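I have placed the structure first, in the form of structure tokens, so that the comments after it can refer back to it.
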2 protein chains.
Amino acid sequence: MAVQKSVSLKEVADKAGVSIATVSRVINSKTVVKGETELRVQKVIRQLGYRPNRVAQRLRTTKGASKLIGLLIPDIRNPFYVDIIRGIEQYAYARNFAVIIGNFSQDEERQKFYIETLKSESVDAFIVAPFPGMNEYVKELSEEGYAVVCIDRGLPGVDLDVVKVDNFQGAFDAVEHLIRAGHTRIGHITGNRQIPTTMERVAGYEAAYARYGLAIDRDIIVGRDSDYQSGVDLAAHLLGLPGPPTALFTSNNLLTLGALETIHSRGLKIPEQVAIVGFDDMDWAMSLNPPLTAVRQSGFEIGRIAIELLHQRIADPARPFVSIVLKTELIVRNSCGYMLRGGYEVHKDS
Amino acid sequence: MAVQKSVSLKEVADKAGVSIATVSRVINSKTVVKGETELRVQKVIRQLGYRPNRVAQRLRTTKGASKLIGLLIPDIRNPFYVDIIRGIEQYAYARNFAVIIGNFSQDEERQKFYIETLKSESVDAFIVAPFPGMNEYVKELSEEGYAVVCIDRGLPGVDLDVVKVDNFQGAFDAVEHLIRAGHTRIGHITGNRQIPTTMERVAGYEAAYARYGLAIDRDIIVGRDSDYQSGVDLAAHLLGLPGPPTALFTSNNLLTLGALETIHSRGLKIPEQVAIVGFDDMDWAMSLNPPLTAVRQSGFEIGRIAIELLHQRIADPARPFVSIVLKTELIVRNSCGYMLRGGYEVHKDS
DNA sequence: TGTAAAAATGTAAACGTTTTCAGTATAGTC
DNA sequence: GACTATACTGAAAACGTTTACATTTTTACA
């Protein structure tokens, strides 16, 4: 019941009456093979259903041609990362690349494990969404000569290719939208504050406040982790305050969903009693009641660009590092209430 | 800038003054090595930070010891599959297994591609959620000697290990719940009808109707694909009917979300104007407004059991095939309306 | 037709392991 | 001290590729 051995180069060579070198050449077509021979070999390959063994290929070529890349993702439950995966996969599929996903579930130990595993699988490149505390490891990767692209956030003080969005502007737009809808007391549920992305969004929040001459109340900017439960708990905290905010700006997908749970469980009406804008749009944001106003960042696009960058770097390791910053888009739906100062209508009857 | 060569067995052997065979033995500890030698080698391993190269290991061992399994998933956007991935990963992580995920996005061509890729990566086992039209390929896999576990649904006429849930009962419970809440005209949005799972759920729907002596109206059992857009469109169709259903039973996650979009966009009140129960619970079902009543199947548990089964089969290829059917659980929240016939209260003030 | 150059093909090493088999050191026994 | 059994270790093959180098065949041209 052992796995059936699959067809090897040698078998093809024997049947075609040539050496394995020739068969290899036919397949990789780097060197010329006589037309007649080539045809004969091709035929045998088809007959036998030969497929190169990727393991042997990788063992042989230490270069950068292993056509395997490692992907390190902090939390696959977050649809944003799922979009990134899809963006990467699509490109990879088209180029016969394979991708190994390491979902480390926000666990340092596990991130280390995956890095080691992927290294020993001879990936020739990494796409990483860095997680606090792991900067050193990612830096090492790059120093060891792996092609590395960071997504979602860069590494402070380290030169690398980065693909991210303009978090500052995205947050600014969201908060500005709320302010224009008449809110002056906007609670902000931030993500993990060790993540630069989080802080950029906080900065955007503050800038919008400053722009409209509003005073910032640090008591309604709260953060813990970047997960669902934090959203639930922190929303409860904010809404339980003596002077609760009239609107919430949540810093990611999961926090938004968590906050929503709290809002609904308290029977609060959106947007009449609390307005909400979330960072990260979701495929099914329209399915929420009311449909959610959100800052869209295209994970799919981020993934696609990341793997293209990787591809480029493998081809040309000396290319200067680039940092690509994508624009976000505010998708206005119905969770923000009526505008008070004009020019920015968002409401329609539910 | 090529990737730094990592430490090999040979380097360790040289530095420790032994042969590579001995080092290998120290690592795998199948055979005895003299205590003194072992210690010396261990020390060098630590000093040099040696890590076995998994690629070379896999090339060498054609057995079933490659510690790599392939996972074939139809649609990573569906949170149900994400849960499965997490269940598998957790176990894999604990046992030093690696998992390669092939998300084929409901595309036959791509599923084939991934099967081939995973084979040529020398995985020694597959976990597959079979997709219509691909039964042959999966069957082949098993015949070729790979350990294969099917999740979510089995393969008609093929003996394999299967982990799934009791779809019939799950659907029955959902529909019964709706009936007891007073609904007699329940629209059913099914998934792809080529998927056995879909048909089992339809059967559960019909059984509940029969159990309560209700006549089935086939016009309100509609299905196309198992995706979001189908949910949107089919809900629109049902709710646009001359005598529209008063309740909807949706056959999966994505269909539910799609239907919800339609319901909200039409401004219909849940549960007063349309009730809804979905198959598949979601982490954030509480965040919907109103919180969704749903049939929960634990993807995490399915994944965990699947990989355990795989582990067993690798250890003992002769073990008889088993089919594990997990129970579902109806999670009653607020999307179904008031009960009319007593004994089954679900409502609380929103 | 003979020869040199070009084209096509073959040989063998290498990638980093595991494992069989053979060999050597150690201990035990008389 | 010699001999055997046992414990340990090393040499080498094998896994399926790619590729540098060597060799053979073909072509071109006199």
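Convention: sequence-line order gives letters A, B, ...; per-chain numbering from 1. Computed from heavy atoms alone, side chains included, the values below leave out hydrogens, waters and symmetry copies. Only a predicted model underlies this, so the values are computations on that prediction, with no experimental measurement involved.
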Residue Asn53(B), side-chain atoms from C-beta onward, closest of dG16(D), dT17(C), dA8(C):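 Among dG16(D), dT17(C), dA8(C), the one nearest the side chain of Asn53(B) is dT17(C).
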
Closest to the Ala21(B) side chain: dT19(D), dA12(D), dA8(C)?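 Closest nucleotide to the Ala21(B) side chain: dA12(D).
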
*Do Tyr146(B) and Asp124(B) come within less than 4.5 Å of each other through their side chains, counting heavy atoms only?*
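Side chain of Tyr146(B) against side chain of Asp124(B), heavy atoms only: no contact under 4.5 Å found.
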
Practice item. List the steps and the verdict of side-chain hydrogen bond (donor to acceptor under 3.5 Å, both in side chains) for Glu89(B) and Asn103(A). Key: CA-CA 8 Å; Glu89(B) 257 185 340; Asn103(A) 164 50; 2.8 Å; yes

Would you kindly give the [atom1]-to-[atom2] distance between [X] and [N], to the nearest whole Å?
X: Asp124(B); N: dC15(D); atom1: CG; atom2: C1'; value: 15 Å
X: Arg58(A); N: dG16(D); atom1: CZ; atom2: P; value: 16 Å
X: Leu39(A); N: dT9(C); atom1: CG; atom2: P; value: 12 Å
X: Leu9(A); N: dA13(C); atom1: CG; atom2: P; value: 18 Å
X: Glu36(B); N: dT9(D); atom1: CD; atom2: P; value: 9 Å
X: Asp14(B); N: dG10(D); atom1: CG; atom2: P; value: 11 Å
X: Glu11(A); N: dC15(D); atom1: CD; atom2: P; value: 11 Å
X: Lys10(B); N: dA14(C); atom1: NZ; atom2: C1'; value: 13 Å

Using a heavy-atom cut-off of under 4.0 Å over every strand shown, decide if [X] touches base, sugar-phosphate, or nothing.
X: Arg25(A); result: base
X: Val18(B); result: sugar-phosphate
X: Ser8(A); result: sugar-phosphate

- request: Could you walk me through whether Arg77(A) and Asp83(B) pass the salt bridge (Lys or Arg N to Asp or Glu O under 4.0 Å) test, one step at a time?
  value: CA-CA 8 Å; Arg77(A) 268 184 296 191; Asp83(B) 273 346; 5.9 Å; no

Checklist entry - Is Thr61(B) near enough to dT17(C) that one of its side-chain N or O atoms lies under 4.0 angstrom from OP1 or OP2? => result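 The answer is no; no side-chain N or O of Thr61(B) sits under 4.0 Å from OP1 or OP2.
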
Side-chain N or O of Thr22(B) less than 4.0 angstrom from OP1 or OP2 on dG10(D)?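 The answer is yes; a side-chain N or O of Thr22(B) sits under 4.0 Å from OP1 or OP2.
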
Would you say Arg51(A) has more than 12 foreign heavy atoms packed within less than 6.0 Å of its CZ?
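Open.
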
TODO: Return the 5'-most residue of the pair Ser19(B), Gln57(A) with respect to DNA chain D, ranking by each residue's nearest nucleotide.
DONE: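 The residue closer to the strand's 5' end, by nearest nucleotide, is Ser19(B).
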
### Query
Arg40(B) or Tyr50(A): which one's nearest nucleotide on DNA chain D is closer to the 5' end?
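It is Arg40(B) whose nearest nucleotide is closer to the 5' end.
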
* Asked: Can you tell which of Thr197(A), Val162(A), Val128(A), Val163(A) makes a side chain to side chain contact (heavy atoms under 4.5 Å, CB included) with Arg153(A)?
  ->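 For Arg153(A), the side chain to side chain contact (heavy atoms under 4.5 Å, CB included) check succeeds only for Thr197(A).
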
